[in-house]
There are 2 protein chains.
Amino acid sequence: MTDMHPLDGERIAQLCRAIYDNLREQIYAAAAQEGFVDLRPSHSNVLRHLDPAGSRIVDLAVRADMTKQSMAYLTDALAKLDYVEIRPDPTDGRAKLVVLTPRGHDAVATLTRLSLEAEARIATRLGKAKLDAVRDGLAEIRGVLEKPGQ
Amino acid sequence: MTDMHPLDGERIAQLCRAIYDNLREQIYAAAAQEGFVDLRPSHSNVLRHLDPAGSRIVDLAVRADMTKQSMAYLTDALAKLDYVEIRPDPTDGRAKLVVLTPRGHDAVATLTRLSLEAEARIATRLGKAKLDAVRDGLAEIRGVLEKPGQ
DNA sequence: CTCATTAGTCAGTTAATCTGTCTTTCTGGT
DNA sequence: ACCAGAAAGACAGATTAACTGACTAATGAG
C-alpha cells in the first residue's frame, strides 16, 4: 500500500464507483453494438423496475427513487424509442401503465445477458468462488446500508 | 434467492451502484451538516485527483476521465466557493495550477473522515475481516476491469 | 356527495456533462 | 533562430437527466 491521495484510496465507495462506471460503460457500449444505440444508462431506471404486467409511473418513480416528473420524462423517451408502450390503466382513470414492447423485451434480455457476460469475464480472472464471495459481501453491505439503525 | 426481475438481481454492477449511491448520499449529507453545504459529489472529481503541489486542469481532466472544458467548469466552481485557488503555472505560460485553499484542505479531510466513518459503521455490522475481504475483492475486480486483455 | 388524496402534466430551472472552435504558448526539428 | 504542430485553456452553445412548483383530473372514504 503506497501512501495514497486522501480521497483516492481503496475506499469501498470509490471502488464501487469505479467498478460500476466501468461495467455500465462496457454494457451500454456492447448494447449499442447490438443495435440498441439509443439506449442510455438512465433508461435502466425504468427497465430495472418494470414488472411484466406493466407498472405505473408513480410506482416506477418510487422504486427508482426519483420524482414522478423525472420518471415520466424517462418513460416518455422510452416510448418514443419504441422500448415501452404507455397506455391507460383500465383500473384507474388517472393512471397509466408502462409496458415493454417486443423491442423493450429484447433490450432487457440483451442488457441482462451482457451484464452476466461481463461478470463471467471477471470470474475467469478471479475465480467463481471469490467473485461469489464478493457478491455476497456486497449484498450484505447493501442490506446494512438500507436499514442503518439495525 | 427468489426469482427476481431480470435487471434487478444481485449483479455486481447493481450492487456497486446501490452501495455507491448510498454512501455518496450519506457522506455529502454529513459534510453539508458540517458546514460544507455547497460541496457536491461532482466536485470530488477534482478533489480526488488534486495533488498537494497543485495540478493542471488538463491533468485533472485526464485523471477524472472527462473533457478539459468540464474540468475547467468544476475547478472554476470550486474556486468561486473558495475550495481551490487557480493560479498561473510558473513553468508554463499556457497552464494554470489548481491548488487547495485552507477550506479545500478542510473539505478533503472531512470527506475522508466521513468516508472512513461510514466504512467503520459497516464494519461494526459485518465484521472487519469480512469487510476487508470485500474491499480486497473489489480492488481486484477493479484491477481486472482496468486492464481487460490480461 | 363532497373533499382530501392520488396520478400524471405543464412550465421552468439547474447541474454536469458534451462538441466545436478559437487563442496563446510551448517545443522539437531543421 | 524559426516555424509548424502540439498542447493548455477559454468561449460559445447544446444536451441529458435530474429538480421544484403549480396545475388538472380521477378516485375513494366518510
Side-chain angles (χ1 to χ4, degrees), chain A residues 17 20-21 24-25 28-29 32 36-51 53-81 83-99, chain B residues 17 20-21 24-25 28-29 31-32 36-51 54-81 83-99:
Chain A
R17 188 177 79 110
Y20 170 63
D21 284 354
R24 185 194 52 195
E25 187 77 10
Y28 277 85
F36 300 107
V37 278
D38 46 14
L39 208 55
R40 312 192 149 291
S42 69
H43 295 150
S44 74
N45 281 325
V46 181
L47 301 179
R48 247 166 13 137
H49 298 300
L50 263 181
D51 41 48
S55 305
R56 295 184 179 187
I57 290 172
V58 69
D59 293 330
L60 293 172
V62 168
R63 289 175 205 165
D65 190 30
M66 50 170 51
T67 62
K68 53 188 183 170
Q69 292 94 320
S70 298
M71 182 51 73
Y73 160 85
L74 290 176
T75 55
D76 192 55
L78 280 172
K80 279 174 183 145
L81 297 172
Y83 289 107
V84 302
E85 188 191 345
I86 302 178
R87 50 178 191 233
D89 183 340
T91 78
D92 187 335
R94 297 165 300 178
K96 292 176 174 179
L97 282 181
V98 181
V99 294
Chain B
R17 188 177 80 109
Y20 170 62
D21 284 353
R24 185 193 51 194
E25 187 77 11
Y28 278 85
F36 300 106
V37 278
D38 46 14
L39 206 56
R40 313 195 149 289
S42 70
H43 296 150
S44 74
N45 281 326
V46 181
L47 302 179
R48 248 164 12 130
H49 299 301
L50 264 182
D51 40 49
S55 305
R56 295 183 179 188
I57 290 172
V58 69
D59 293 330
L60 294 171
V62 168
R63 289 175 205 165
D65 190 30
M66 48 171 52
T67 62
K68 51 188 183 169
Q69 292 95 321
S70 298
M71 182 51 73
Y73 161 85
L74 290 177
T75 55
D76 192 54
L78 280 172
K80 279 176 183 144
L81 297 173
Y83 288 106
V84 301
E85 188 193 343
I86 302 178
R87 50 178 190 232
D89 183 339
T91 77
D92 187 333
R94 297 166 298 178
K96 291 176 175 180
L97 282 182
V98 181
V99 294

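Order of the sequence lines fixes the chain letters, A, B, ..., with proteins taken first and strands second; residue numbering starts at 1 for each chain.
Between dT27(D), dG9(D), dC26(C), one nucleotide has an atom nearer to the side chain of Val58(B) than all others, and that is dG9(D). Distance from the side chain of Lys68(A) is smallest for dG8(C) among the nucleotides dA18(D), dG9(D), dG8(C). Distances were taken from every side-chain heavy atom of Gln69(B) (C-beta onward) to each of dA12(D), dA18(D), dA16(C); the shortest belongs to dA12(D). Picking from dA15(C), dA26(D), dA10(D) the nucleotide with the shortest atom distance to the side chain of Ile57(B) gives dA10(D). Here dA7(C) is the nucleotide among dA7(C), dA6(D), dA18(D) with the atom lying nearest to any side-chain atom of Arg56(A).
In this structure, Leu74(A) atom CG and dC19(D) atom C1' are separated by 13 Å, rounded to whole Å. Taking atom CD of Glu25(A) as the reference point, atom C1' of dC18(C) lies 13 Å away to the nearest angstrom. Atom-to-atom, CG of Asp21(A) to P of dT17(C) comes out at 10 Å; the value is rounded to the nearest Å. One atom, CD1 of Ile86(B), and another, C1' of dA10(D), lie 12 Å apart when rounded to the nearest Å. Atom CG in Leu39(A) sits roughly 15 Å away from atom C1' in dA17(D) (whole-Å rounding). We find that NE2 of His43(B) is positioned 10 Å from C1' of dA16(C), with the value rounded to whole Å. Between Arg40(B) atom CZ and dT17(C) atom P there is a gap of 12 Å when expressed in whole angstrom units. Atom OH in Tyr28(A) sits about 14 Å away from atom C1' in dA17(D), given to the nearest Å.
The base of dT6(C) sits within donor-acceptor range of the side chain of Arg94(A), with an N or O pair under 3.5 Å.
Of the candidates Thr75(A), Leu74(A), Asp51(A), Thr75(A) is the only one forming a side chain to side chain contact (heavy atoms under 4.5 Å, CB included) with Leu60(A). Under the side chain to side chain contact (heavy atoms under 4.5 Å, CB included) test applied with Leu78(B), the options Leu39(B), Ile86(B), Asp38(B), Val98(B) reduce to a single match, Leu39(B).
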request  = Show the numbers, then the answer: is there a side chain to side chain contact (heavy atoms under 4.5 Å, CB included) between Glu25(A) and Asp21(A)?
outcome  = CA-CA 6 Å; Glu25(A) 187 77 10; Asp21(A) 284 354; over 6 Å; no
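Using a 4.0 Å cut-off, some side-chain N or O of Thr67(B) falls inside it from OP1 or OP2 of dC18(C). Phosphate contact (OP1/OP2 of dC18(C), side-chain N/O of Ser70(B), threshold under 4.0 Å): present.
Along DNA chain D, the nucleotide nearest Tyr73(A) and the nucleotide nearest Asp92(A) are compared for position; the residue whose nucleotide lies closer to the 5' end is Tyr73(A).
Scanning both residues, Tyr28(A) and Ser44(A), for their nearest heavy atoms gives OH-CB, 3.1 Å.
Taking 4.5 Å as the limit, some side-chain heavy atom of Leu97(A) sits within range of a side-chain heavy atom of Arg56(A).
Across all strands, Asp89(B) comes closer than 4.0 Å to no nucleic acid atom at all (heavy-atom distances).
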